[in-house]
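Below, chain A is the first sequence line, B the second, and so on; all start at residue 1.
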There are 2 protein chains.
Amino acid sequence: MTISEVSEKYGLSPDTLRYYEKAGLIPPVNRKENGIRDYTPEDCGWVEFIKCMRGAGLSIEVLTQYIALYAKGNRTLQKRKNLLVAERDRLQERIEQMQKTLERLNYKIAVYEERIVACEKKLLK
Amino acid sequence: MTISEVSEKYGLSPDTLRYYEKAGLIPPVNRKENGIRDYTPEDCGWVEFIKCMRGAGLSIEVLTQYIALYAKGNRTLQKRKNLLVAERDRLQERIEQMQKTLERLNYKIAVYEERIVACEKKLLK
DNA sequence: GTAATACTTGGAGTTGGCTCCAGGTCAAGC
DNA sequence: GCTTGACCTGGAGCCAACTCCAAGTATTAC
């Protein structure tokens, strides 16, 4: 699969895909003899994984660390798990905070609705 | 209340508080005759509100718009409500996406735990 | 064979959101 | 009356995460 096909498929620009690879956010992508990237399904899997994690707000730095550990093989299993647990906990906290803000917004919107109705009544008088 | 007290109270640096005001993220703060900021409880309320919204990821730009509408008074009620609804919807989507990612991480962590146990068993043989 | 198109690289530029700094004012303590 | 400390302003600097660009190469279409 070419870079533009992968770009299309995941909604990430070719520049971003190259940047992710250069930064070590995904393992090195398979190449054709001439040096042109030829994404295997596995490469695509990494792209999808990283897109998902970035979408949830995990930093480039921490994802780079994860990939670096992955590249070192089985002896980093525990470290990788610890990293994932730490990020999971941080994500959970962020979600809880956002959930509270969501409820606050809902309340605020409800108050606005009341005020708007009250305003309209006044005008009709 | 001085800027450093407000900074202390909400965990935002004085620089950030000044930046928020200059950017129109909070309405102009009350001043003493000599020009020094003297936050009223209402000013503090705005700081707290903006801190909460920024914490949930609402952009400076959209919050600035909200404050600008607020400054124009009652005739912007509907517009302000629309803005809040749009942001609420975006926030909800982000939360849902993050929730999915959280579950994915939990699954991944469970798989790691199994693999680590399997590895240990092998070593004990 | 040459023009167009899709890729390559290294590196510079951009954006959002702060964060820091220089230079100045003012009130309080000695 | 002079130092100290907290504040002020305008503007520069910084960081994360892209995004764009120039210069080069390879394949395809005619």
Side-chain angles (χ1 to χ4, degrees), chain A residues 1-26 28-40 43-44 46-47 49-68 87 90-91 94 97-98 101, chain B residues 1-26 28-40 43-44 46-47 49-68 87 90-91 94 97-98 101:
Chain A
M1 236 179 156
T2 69
I3 199 167
S4 54
E5 284 163 348
V6 176
S7 163
E8 184 77 7
K9 183 167 181 183
Y10 295 107
L12 297 170
S13 76
D15 269 323
T16 298
L17 288 169
R18 282 187 283 256
Y19 167 69
Y20 280 179
E21 186 181 352
K22 187 153 66 171
L25 212 57
I26 54 175
V29 171
N30 186 49
R31 306 283 183 124
K32 289 194 269 188
E33 340 64 50
N34 54 15
I36 290 186
R37 288 174 183 80
D38 184 19
Y39 290 77
T40 63
D43 292 326
C44 287
W46 281 111
V47 169
F49 173 68
I50 289 300
K51 185 193 172 171
C52 178
M53 296 300 137
R54 287 289 305 128
L58 277 71
S59 72
I60 299 275
E61 191 188 358
V62 81
L63 292 170
T64 302
Q65 282 171 26
Y66 180 76
I67 298 300
E87 291 308 305
R90 285 156 49 81
L91 180 55
R94 285 207 305 277
Q97 198 203 330
M98 288 166 82
T101 304
Chain B
M1 236 181 156
T2 69
I3 199 167
S4 55
E5 285 164 348
V6 176
S7 163
E8 185 77 6
K9 183 167 181 184
Y10 295 107
L12 296 170
S13 76
D15 269 323
T16 300
L17 288 169
R18 282 188 281 256
Y19 166 69
Y20 280 0
E21 186 182 351
K22 186 153 67 170
L25 212 57
I26 54 176
V29 170
N30 186 47
R31 305 284 182 125
K32 289 194 269 190
E33 340 64 51
N34 56 15
I36 290 186
R37 288 175 183 79
D38 184 19
Y39 290 77
T40 64
D43 292 327
C44 286
W46 281 111
V47 169
F49 173 67
I50 289 299
K51 185 193 172 172
C52 177
M53 294 301 136
R54 287 289 306 128
L58 276 71
S59 72
I60 299 275
E61 192 188 358
V62 82
L63 292 169
T64 302
Q65 282 171 27
Y66 180 75
I67 298 300
E87 290 308 305
R90 284 157 49 83
L91 180 55
R94 285 207 305 278
Q97 198 204 329
M98 288 167 81
T101 303

field: Earlier contact from the 5' end, DNA chain C, for B:Y20 and A:R31
entry: A:R31

Rounded to whole angstroms, how far apart are [atom1] on [X] and [atom2] on [N]?
X: A:Y39; N: C:dC7; atom1: OH; atom2: P; result: 10 Å
X: B:I26; N: C:dG17; atom1: CD1; atom2: C1'; result: 15 Å
X: B:L25; N: C:dC18; atom1: CG; atom2: C1'; result: 12 Å
X: B:Y19; N: D:dG13; atom1: OH; atom2: C1'; result: 14 Å
X: A:E21; N: C:dC7; atom1: CD; atom2: P; result: 14 Å
X: B:I36; N: D:dC8; atom1: CD1; atom2: C1'; result: 7 Å
X: B:D15; N: C:dC20; atom1: CG; atom2: P; result: 7 Å
X: A:E5; N: C:dT5; atom1: CD; atom2: P; result: 18 Å

Any side-chain N or O of [X] under 4.0 Å from OP1/OP2 of [N]?
X: A:S13; N: D:dC18; result: no
X: B:T16; N: C:dG17; result: no
X: A:R18; N: D:dC21; result: no
X: A:R54; N: D:dC18; result: yes
X: B:T2; N: D:dA6; result: no
X: B:N34; N: C:dT25; result: no
X: B:R37; N: D:dT9; result: yes

Taking the side chain as every heavy atom from C-beta outward, state whether [X] and [Y] have any atom pair closer than 4.5 Å.
X: A:Y66; Y: A:L58; value: no
X: B:Y19; Y: B:D15; value: no
X: A:K9; Y: A:E5; value: no
X: B:Y10; Y: B:C44; value: yes

- request: Could you tell me, to 10°, how much the axis swings from one end of the helix from C:dG1-D:dC30 to C:dC30-D:dG1 to the other, five pairs per end?
  value: 20°

query: Atom OG in B:S59, atom CD in B:Q65: separation rounded to 0.5 Å?
result: 7.5 Å

- prompt: Only one of A:V29, A:L12, A:L25 clears side-chain contact (heavy atoms from CB on, under 4.5 Å) with A:V47; which?
  reply: A:L12

field: Salt-bridge present (A:R90, A:E87; N to O < 4.0 Å)
entry: yes

